[in-house]
Amino acid sequence: MSFKISVKDYGVLSFEEPITPYNISRTLGFKDIVSAKFNNRLLDIRTPIEEDGEMSFVYLQDSEAAEVYRHTMAHIMAQAVIRIYGKENVRLGIGPAIENGFYYDFEIVNGKITEEDLQLIEKEMNKIVQENLHIERIEMIKEKAIELMKKENQVYKLELIENIEDDVVTFFKQGEFTDLCRGPHLPSTGLVKHFKLLSVSGAYWRGDERNPMLQRIYGTAFLCKEDLENYLNSIQEAKKRDHRKLGPALDLFVIDTEFAPGMAFFTANGTTVLNELMRFSRELHTESGYKELMTPLVMSETLWRISGHWDHYKENMYFTSKEEQSYAIKPMNCPGHIIVYKSKPVSYRDLPLRYFEFGRVHRYERSGVLHGIFRVRGFIQDDAHIFCTPEQVKQEVMGVINLTKRIYSQFGFDYSVELSTMPEDHMGDEIIWERATRALKSALESANLSYTVNEGEGAFYGPKIDFHIKDSLGRMWQCTTIQLDFLMPERFNIVYTTPSGEQQQPVMIHRAIYGSLERFFGILIEHFAGAFPTWLSPVQVAVVPIADRHIEYAKGIHNKLQAEKIRIEIDARRETLGYKLRDLQIRKIPYVLIVGDKEIQNRTVSIRTRHGTNLGSMKLEDFENAIRKEIEQRSLKTLLGEEA
RNA sequence: GCCAGCGUAGCUCAAUCGGCAGAGCGGCGCAUUCGUAAUGCGUAGGUUGGGGGUUCGAGUCCCUUCGCUGGCUCCA
């Protein structure tokens with residue numbers, strides 16, 4: 001047996017016997033490695049290697065090391081939990097490193113972990129760090145490991161081992177604590193000292209709600225104190241952008257939890273923003289050849305039986321009845337659009353037929369999932385259904401992708417794209433699903449979008465492409481969705497006439513770009529931290545007369561700009577100038593026009609931005625032209641000299 | 001829905017061990033007419049989420065219900 005390893009910054013070495021990265025590093029005089037990258041996989045330094053490959057060493061300061069030390073931190077936490085609650089009372093689930101931190105799932109027999117306990121656990125973790133325990137990697141024959149786990153009553157670990165294919169499994173041991181684990185881990189528990197436990201929550205074993213619920217502790221860890229503090233501060237800062245906080249504070253919406261949990265009441269300000277969003281969307285949809293519809297909110301239950309919602313979506317629907325007739329409040333707009341489609345004969349010449357609607361839908365959502373206006377029970381979709389021939393599918397999907405890119409670029413945020421395939425609970429043949437999935441893939445590739453695949457996450461009627469946007473706390477939310485559907489046209493038996501006079505079934509593409517206006521609005525609030533671009537700002541300009549004798553002039557400005565459809569208000573409150581400026585700035589009004597004696601004399605306005613910058617005086621006409629242009633262009637930036 | 005925590009004035013938060021429900025901001029009133037982030041004084045505002053219980057006495061302890069937060073599952 002002989003194999004070669006190419007070590008970065010050294011050269012190629014030949015070995016006859018299995019060797020660990022640690023031993024290689026020692027031989028070559030590299031010190032203090034915490035992990036090794038071997039053929040692009042992060043390895044524990046104690047893992048014996050016996051094959052050709054390329055290796056580079058990972059040191060504590062390297063970015064790749066975070067995964068390793070956070071994983072070790074999860075073990076330290078588990079060790080602390082066991083010390084506190086007693087070995088016989090703790091059953092371990094899984095404990096991986098995640099983005100920015102780590103977690104571990106526990107079952108505490110006849111007990112529970114509360115937020116208060118986190119301090120206690122942190123204290124014990126600090127002890128373990130102080131003890132600087134040596135971490136050992138142990139290989140064990142699977143049968144023996146199963147026996148051991150049975151003896152220790154570690155039912156979850158047992159399940160994990162039974163699902164491992166190899167004959168040998170690995171454990172990591174630090175002091176009295178041993179855990180089934182693939183690794184990699186640090187050489188000892190004393191290397192990373194700065195950590196914080198963040199929260200405790202429930203998590204189903206293996207993510208399945210039929211399984212028991214374990215308790216999950218989330219934490220984070222960093223090499224130096226500053227990084228930890230910066231991270232904790234960034235969480236605090238992000239919380240200030242939270243739309244649930246900013247929305248009511250900026251008077252955009254309220255949620256009345258007593259009378260309508262999971263429903264948003266948009267105030268005048270919020271409605272203004274939504275109207276602007278809809279206006280923008282309508283313009284683009286018209287340009288892209290969509291026809292706007294309005295369809296009923298309440299339709300017969302029978303309709304929903306035909307559509308398949310009754311069989312696959314009933315749990316999420318609201319029902320009502322009158323005169324012994326049962327009705328459903330629509331959870332989707334598709335059946336309504338199909339009724340319009342069916343209302344007259346369709347020729348191949350009419351296709352693709354793009355029906356668009358700002359459709360208000362209601363879906364029952366379990367109480368625990370509601371979240372501000374990101375996840376509600378009633379929302380408005382910028383929904384459309386494209387009816388087309390099978391040949392037109394790819395082009396139509398690409399059209400939607402382009403429209404999506406166009407809309408996103410207006411706001412300037414990043415997104416990720418996912419393709420979701422056939423779920424367990426689905427309608428129709430697998431062959432149809434495969435064809436549809438291929439069409440979506442092909443469109444994605446032609447559009448040059450990189451994407452990840454979510455197996456089994458599609459809608460019940462077809463596979464879909466989703467665009468996700470990050471919220472202020474790093475959670476991803478689905479906005480745009482493009483779903484292919486070969487099934488609903490069949491169930492409703494809709495057809496078009498082909499050139500040869502035959503009746504053929506169209507393909508249906510369900511798509512929404514904002515997704516839900518509520519969610520998109522919420523994302524915007526967080527993205528701009530409430531300081532919307534001027535075209536979206538509920539109030540675009542405030543005029544502040546310095547003293548009563550300036551009110552008349554201020555009113556003139558107000559009336560003039562208002563006549564130009566600029567959203568302007570006058571602040572003639574009997575308060576000091578400083579007080580009003582502070583108040584208007586907190587409300588994030590893009591421009592404040594201050595008028596006093598000087599301005600009246602020169603027919604100017606003094607301009608102050610919501611960032612507190614004094615832009616000096618300007619002729620009213622010049623200001624008017626600039627802001628009008630800024631609004632017309634729906635500019636992300638101000639045209640008056642600084643970032644909007 | 002599930003696990004844990006939380007729910008006091010419009011908002012942010014006090015109220016010791018179970019012992020008279022309070023403050024700041026905001027609102028309202030009066031005075032102040034002011035040049036780029038908070039003028040001063042006064043005043044109203046509460047069934048402590050709802051219901052039940054323990055107790056001489058409950059914001060505080062127990063039960064229940066509704067809601068919220070963090071996650072899990074689910075989803076636009």
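Heavy-atom basis, side chains included; hydrogens, waters and symmetry copies ignored. These numbers were taken from a predicted model, which means no experiment stands behind them. Throughout, a chain's letter reflects where its sequence line sits, starting with A, and its residues are numbered from 1.
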Tabulate atom names and distances for all N/O pairs under 3.5 angstrom spanning the protein and nucleotides 64-68 of chain B.
residue, atom, partner, partner atom, Å
B:rG67, O2', A:T257, OG1, 3.3

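- You won't find any donor-acceptor pair under 3.5 Å spanning the side chain of A:Q215 and the base of B:rG71, going by distance alone.
- A:L577 comes within contact range of the sugar-phosphate backbone alone, with a heavy-atom separation under 4.0 Å but no base atom that close.
- When heavy atoms are screened at a 4.0 angstrom cut-off, A:R375 is found touching base atoms of the nucleic acid.
- Taking atom CD1 of A:I607 as the reference point, atom P of B:rU36 lies 17 Å away to the nearest angstrom.
- Of the candidates B:rG1, B:rC2, B:rC75, B:rG1 carries the atom nearest the A:V369 side chain, counting heavy atoms from C-beta on.
- Here A:F374 lies in heavy-atom contact (under 4.0 Å) with a base.
- Backbone-only engagement by A:R549 is indicated by non-hydrogen atom pairs under 4.0 Å involving sugar-phosphate atoms exclusively.
- By the side chain to side chain donor-acceptor pair (under 3.5 Å) test, A:R241 is found to be paired with no residue, residues two or more places apart in sequence or in another chain being considered.
- The shortest distance between the side-chain N/O atoms of A:H371 and the OP1/OP2 oxygens of B:rG70 is below 4.0 Å.
- Among A:L403, A:T481, A:T480, A:T404, the single residue meeting the side-chain contact (heavy atoms from CB on, under 4.5 Å) criterion with A:R511 is A:L403.
- Closest to the side chain of A:E209, out of B:rU73, B:rG27, B:rG70, is B:rU73.
- A search for side chain to side chain contact (heavy atoms under 4.5 Å, CB included) contacts involving A:R573 returns A:D571, A:E575, A:Y579, A:K580, A:D583, not counting sequence neighbours.
- Side-chain atoms of A:R206 and base atoms of B:rC72 include no donor and acceptor less than 3.5 Å apart.
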What does the list of N/O pairs under 3.5 Å between the protein and nucleotides 15-17 of chain B look like, with a distance for each?
none

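- Residue A:K598 is classed as a base contact, given a heavy-atom separation below 4.0 Å to a base.
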CA sep, side-chain torsions, deciding dist, call: A:F411, A:F520, ring pair (Phe, Tyr, Trp, His ring centres under 6.0 Å): CA-CA 11 Å; A:F411 304 97; A:F520 198 82; 5.2 Å; yes

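- For A:R282, the CZ atom sits in a packed shell: over 12 heavy atoms of surrounding residues, nucleotides or ligands are nearer than 6.0 Å.
- By the side chain to side chain donor-acceptor pair (under 3.5 Å) test, A:T437 is found to be paired with no residue, residues two or more places apart in sequence or in another chain being considered.
- A search for side chain to side chain contact (heavy atoms under 4.5 Å, CB included) contacts involving A:R279 returns A:E276, A:E283, A:R634, not counting sequence neighbours.
- Considering only residues two or more places apart in sequence or on other chains, A:Q154 meets the side chain to side chain donor-acceptor pair (under 3.5 Å) condition with none of them.
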Where do N or O atoms of nucleotides 10-12 of chain B meet protein N or O atoms at under 3.5 Å, pair by pair?
residue, atom, partner, partner atom, Å
B:rU12, OP1, A:K245, NZ, 3.0

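- Within 4.0 Å (heavy atoms only), A:N316 reaches no atom of the nucleic acid at all.
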Only pairs under 3.5 Å count here: list side-chain donor-acceptor contacts from residues 251-266 of chain A, not counting sequence neighbours, and write none if there are none.
residue, atom, partner, partner atom, Å
A:D256, OD1, A:E258, N, 3.0
A:D256, OD1, A:F259, N, 2.8

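- For A:E455, the side chain to side chain donor-acceptor pair (under 3.5 Å) partners at least two apart in sequence or on another chain are A:T421.
- Between A:R475 and B:rG71 there is a side-chain N or O to OP1 or OP2 distance below 4.0 Å.
- Remark: the A:Y156 side chain and the A:D105 side chain contain no N/O donor-acceptor pair separated by less than 3.5 Å.
- Remark: the A:Y204 side chain and the B:rG1 base include a donor-acceptor N/O pair separated by less than 3.5 Å.
- A search for ring pair (Phe, Tyr, Trp, His ring centres under 6.0 Å) contacts involving A:H337 returns A:H385, not counting sequence neighbours.
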Polar atoms only, N or O, under 3.5 Å: list the protein pairs with nucleotides 39-48 of chain B and their distances.
residue, atom, partner, partner atom, Å
B:rU39, OP1, A:T576, OG1, 3.4
B:rU39, OP2, A:T576, OG1, 2.8

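- At a cut-off of 3.5 angstrom, counting only N and O atoms as typed in the model, there is a donor on one side and an acceptor on the other between the side-chain of A:S606 and the base of B:rU36.
- Among the atoms of the strands shown, base atoms are found under 4.0 Å from some heavy atom of A:Q585.
- Within the nucleic acid shown, A:V544 has no heavy atom closer than 4.0 Å to any nucleic acid atom.
- No hydrogens or angles were tested; on distance alone, a donor-acceptor pair under 3.5 Å links the side chain of A:R366 to the base of B:rU73.
- A donor-acceptor contact under 3.5 Å is not formed by the side chain of A:Q483 with the base of B:rA76.
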